[in-house]
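Right, one structure below, let's go through it.
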2 protein chains.
Amino acid sequence: MFELDLRSRKPIYEQLVDRLKQLIINNVLDKDEKLPSVRVLAQQLSINPNTIQKAYRELEAQGYIYSVKGKGSFVNHIMMTDNSAEIKKVKEQLKKQIAEALFLGVTIEELEKLITEVEQSVTRGDQDDSSPERH
Amino acid sequence: MFELDLRSRKPIYEQLVDRLKQLIINNVLDKDEKLPSVRVLAQQLSINPNTIQKAYRELEAQGYIYSVKGKGSFVNHIMMTDNSAEIKKVKEQLKKQIAEALFLGVTIEELEKLITEVEQSVTRGDQDDSSPERH
DNA sequence: TTAACTGTATTAATATATTTAGTACAGTTA
DNA sequence: TAACTGTACTAAATATATTAATACAGTTAA
């Protein structure tokens, strides 16, 4: 499904969270799409199932996925969840990164170009009303 | 000088790096301004000098400060260093954060407003030609 | 020159965080 | 029923961060 850097200073479960977020954000994974089970993904990546579970738990806490016992873990309809806390976080982080970029010599024009690029690369995923029952 | 969260999941030395970067980026610390010595800052913050040293080493590697044995550590003229690698990093990080923000519902207008806000908050520091000798 | 400062390096011990391993339980699906 | 799913828990192993103590070399000012 994707590659990990087992030698990275960044914990594996964090890499997993980041990578899965990317896939969800860029609509590579559709709404309600089933993620690999913790055991299957663990085997594919040759890491412990507990590590996958930790990543999935974090993604669920942040509202990106939801899990149903016995069924699996699925991509969430993000708008259904309260993500105001996440928005605040990402905005604060963005301000720091923007300040750093400006300091390093990146121009405002370049920053605006980045926004345009990202916005165009994010293709909208179609809506789909058939969702797994959540209990 | 500033406060740290010793209970945070984020390592102390990383908090130090981030905080000092902020101060440098926002011109709270002027070019060639002397930072507290590793021992003094360690005492002020009640942490080990080695942890300060680790943060300073990282800041030096990223080009934000330079250190002279026997003299001290000083804020760098960032433009004198090759920061293209740092620029590439921060741009990549920004793209991820922008994608996440858009996904969470932040509008492009809000993103552009963020840039304006940051740009206005960063007051330009005056140039100063008297620098410590680097050897 | 001396005393007190500076950065830097190294080793060892400790503390904390991450990952693995193994097991168990409950719900789902065919 | 058999094989899947998420979830929880404890224990052990591993990796990382932090502290502690010491040492060495360059700088500064008395």
Side-chain angles (χ1 to χ4, degrees), chain A residues 1 3-20 32-76 130-135, chain B residues 1 3-20 32-76 130-135:
Chain A
M1 194 170 194
E3 68 287 347
L4 295 173
D5 181 4
L6 298 180
R7 286 175 234 152
S8 167
R9 199 178 55 85
K10 191 172 209 171
I12 298 173
Y13 77 93
E14 275 191 24
Q15 293 182 49
L16 273 169
V17 168
D18 287 352
R19 196 73 190 89
L20 284 167
D32 296 314
E33 182 166 338
K34 192 174 177 305
L35 298 174
S37 78
V38 291
R39 291 175 180 83
V40 167
L41 187 52
Q43 195 165 25
Q44 280 179 7
L45 301 177
S46 303
I47 57 180
N48 194 283
N50 293 344
T51 306
I52 309 287
Q53 192 195 344
K54 190 169 184 179
Y56 279 11
R57 195 190 302 138
E58 176 64 21
L59 284 167
E60 184 159 23
Q62 290 186 26
Y64 285 86
I65 68 172
Y66 62 93
S67 298
V68 189
K69 203 192 299 191
K71 290 189 176 176
S73 300
F74 306 88
V75 177
N76 213 346
S130 64
S131 311
E133 298 298 327
R134 299 193 180 205
H135 53 81
Chain B
M1 194 170 195
E3 68 286 347
L4 295 173
D5 181 4
L6 299 180
R7 284 175 235 152
S8 167
R9 197 177 56 85
K10 191 173 210 168
I12 297 173
Y13 78 95
E14 275 192 22
Q15 292 182 50
L16 273 169
V17 169
D18 286 353
R19 196 74 189 87
L20 284 167
D32 294 315
E33 182 166 338
K34 191 174 177 308
L35 298 175
S37 77
V38 291
R39 292 174 181 83
V40 166
L41 188 53
Q43 194 165 26
Q44 281 180 6
L45 300 177
S46 303
I47 58 180
N48 194 281
N50 293 345
T51 306
I52 309 288
Q53 193 196 345
K54 189 168 184 180
Y56 280 12
R57 195 189 304 138
E58 175 65 20
L59 284 167
E60 184 159 23
Q62 291 187 26
Y64 285 87
I65 69 173
Y66 62 94
S67 298
V68 189
K69 205 192 299 192
K71 292 190 174 173
S73 300
F74 306 88
V75 176
N76 213 346
S130 65
S131 312
E133 298 298 327
R134 300 195 179 203
H135 52 84

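To find a chain, count down the sequence lines: A is the first, B the second, and so on, and within it residues start at 1. A quick note: this is a predicted structure, and the numbers were derived from the prediction, not measured.
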Next item on the list: Take atom NZ of A:K71 and atom C1' of D:dT7, then tell me their distance rounded to the nearest Å.
Entry: 16 Å

Margin query: For a stem of at least 3 consecutive Watson-Crick or G-U pairs with distances under 3.5 Å, i pairing with j, i+1 with j-1 and so on, which stems involve DNA chain C?
Written below: C:1-30 with D:1-30

Item checked: Atom-pair distance (OH on B:Y66; P on D:dG26), nearest Å -> 20 Å

Note to self: Less than 4.0 angstrom between a side-chain N/O of B:S67 and OP1 or OP2 of C:dT8, yes or no?
What the structure shows: yes

Note to self: Tell me the closest heavy-atom pair linking A:N48 and A:A42, and the distance in Å.
What the structure shows: C-CB, 3.9 Å

Margin query: Closest-nucleotide mapping onto DNA chain C: is B:K34 or B:R57 further toward the 5' terminus? I mean the 5' end.
Written below: B:K34

Next item on the list: Could you state the atom-to-atom distance from CD of A:Q53 to C1' of D:dT5 in whole Å?
Entry: 12 Å

Check: Between A:L59 (CG) and D:dG6 (P), how many Å, whole number?
Finding: 13 Å

Note to self: If you count every heavy atom of other residues, nucleotides or ligands that lies below 6.0 Å from B:E14 atom CD, does the total exceed 12?
What the structure shows: yes

Notebook entry, point to check: How does protein reach along nucleotides 15-24 of chain D, written 5' to 3' as B (base within reach of a heavy atom under 4.0 Å), S (only sugar-phosphate), or - (no contact)?
Noted result: --SSBBB-B-

Next item on the list: Would you name the heavy atoms of A:K71 and A:K34 that are closest together and state the gap between them?
Entry: O-CE, 3.2 Å

Notebook entry, point to check: OP1, OP2 of D:dG6 versus side-chain N and O of A:S73: anything below 4.0 Å?
Noted result: yes

Checklist line | Salt-bridge present (B:D18, B:K10; N to O < 4.0 Å) | finding: yes

